Each structure stands twice: as C-alpha cells, then as structure tokens.
Peer 1: 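Provided herewith is a single structure, encoded as structure tokens, for subsequent inquiry.
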Amino acid sequence: MTVPKLKDTFSIDVSTFLNPDEFAQVFNVDGVDIWAVQDSDTRNKHPFGYAEGVSLFQMTLYVDSTEIGYKPTQGQVMMINDERYTLESIIEEADLYVLKLEANR
C-alpha cells in the first residue's frame, strides 16, 4: 500500500480552490488567461494625503504556480485584466503563488 504524500494532498486542495465552480475566475495575467482567485482589500482604497484624487488599490491574487508559467518577482509590473499593478510581494504556498499587488488609481 502506497501512503500519499502531503504535497500530493495539497495539490488536490489547490485544484478545489481554483475550481471555476467554487471560487476561481479567469484573469488575464500578462497576456495569458488563467484561473485565479482574487481577494481585494477594500480597506485600502483611501486617497493619498499628498495626491488629491489618487487612491491606492491593493489586491491579492492566488494563482497556480504551474499555470502562470513563470515565477514573478517583487517589484515587477504586471498587467492584470488590462490594468497595471506592481507586485509588492509573492509567497509560495504548496502549488500556489500568493501575489500581493498594488495600483494607483
């Protein structure tokens, strides 16, 4: 009897999390359509004190590390659904990349 490895179990969980019938939506990331889960932080939509009319928008995007096709790097500019974001941080969790993104609007 073969005992399943923990990382194999995580892969199944990632598939469930990124399932379009559950949480995932299609996002165009740097010209490639991929399934991802978005978490927007609405608490941070406040304007900067020094720039009237400019707001900081923060978003977390959970993507399959194999589906995106490369490992993004901190500080990189990424186009998400035709909007420009700066990658503030990236965390690897099992087969997921957790991308913390920011944009000025």
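Since the model is a prediction, treat every value here as computed from it, not as a measurement.
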Peer 1: Using side-chain heavy atoms (C-beta onward) and a distance below 4.5 Å, is Gln74 in contact with Glu88?
Peer 2: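 With C-beta onward as the side chain, the pair stays apart.
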Peer 1: Verify the cluster assignment for Val29 and Val26: are they in a single hydrophobic cluster under the rule of side-chain heavy atoms below 4.5 Å apart?
Peer 2: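 Cluster IDs for Val29 and Val26 differ.
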Peer 1: Which of these, Val37, Ile91, Val98, sits in a side chain to side chain contact (heavy atoms under 4.5 Å, CB included) with Thr60?
Peer 2: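 That would be Val98; it is the only one of Val37, Ile91, Val98 passing the side chain to side chain contact (heavy atoms under 4.5 Å, CB included) with Thr60.
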Peer 1: Work out which heavy atom in Glu92 is nearest to a heavy atom in Lys71; give both atom names and the distance.
Peer 2: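 Scanning both residues, the minimum pair turns out to be OE2-NZ, 2.7 Å.
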Peer 1: List the steps, then state whether side chain to side chain contact (heavy atoms under 4.5 Å, CB included) holds for Leu61 with Ile80.
Peer 2: CA-CA 10 Å; Leu61 200 62; Ile80 312 287; 4.1 Å; yes
Peer 1: Are Tyr97 and Asp64 close enough that a side-chain donor and a side-chain acceptor fall under 3.5 Å?
Peer 2: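 Asp64 and Tyr97 do not have a side-chain donor-acceptor pair below 3.5 Å.
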Peer 1: Looking at Asp30 and Met79, would you say the former's side chain and the latter's main chain have a donor-acceptor pair under 3.5 Å?
Peer 2: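 Yes; at least one donor-acceptor contact below 3.5 Å.
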Peer 1: Compare all side-chain heavy atoms of Val77 with those of Tyr85 and state whether any distance is below 4.5 angstrom.
Peer 2: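 The answer is no; the side chains never approach within 4.5 Å.
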Peer 1: Look up atom OH in Tyr62 and atom CD in Gln38, then write down how far apart they are to the nearest 0.5 Å.
Peer 2: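 Reported value, rounded in 0.5 Å steps: 11.0 Å.
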Peer 1: Any idea which heavy atoms bring Trp35 and Glu67 closest together, and the distance?
Peer 2: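 Residues Trp35 and Glu67, closest heavy atoms: N-OE2, 3.2 Å.
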Peer 1: Locate the shortest heavy-atom distance separating Met78 from Leu101; write the atom from each residue and the value.
Peer 2: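 Smallest heavy-atom distance, with atoms named: SD-CD2, 4.0 Å.
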Peer 1: Under the criterion side chain to side chain contact (heavy atoms under 4.5 Å, CB included), I'd like the reasoning laid out for Glu102 against Phe57: C-alpha separation, chi angles, the key distance, then a yes or no.
Peer 2: CA-CA 6 Å; Glu102 289 187 350; Phe57 182 78; over 6 Å; no
Peer 1: Nearest 0.5 angstrom please: Ile34 CD1 to Ile68 CD1, how far?
Peer 2: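 Going from CD1 on Ile34 over to CD1 on Ile68, the span is 4.5 Å.
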Peer 1: Any idea which heavy atoms bring Pro72 and Leu99 closest together, and the distance?
Peer 2: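 Result for this residue pair: CG-CD2, 4.1 Å.
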Peer 1: What's the spacing between Thr86 OG1 and Lys100 NZ if we round to 0.5 Å?
Peer 2: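 So the OG1 of Thr86 and the NZ of Lys100 are separated by 15.5 Å.
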Peer 1: Between the side chains of Asp33 and Asn28, does any donor sit under 3.5 Å from an acceptor?
Peer 2: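 There is such a pair between these side chains.
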Peer 1: Looking at Gln76 and Thr73, would you say the former's side chain and the latter's main chain have a donor-acceptor pair under 3.5 Å?
Peer 2: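 Yes: the side chain of Gln76 pairs with the backbone of Thr73.
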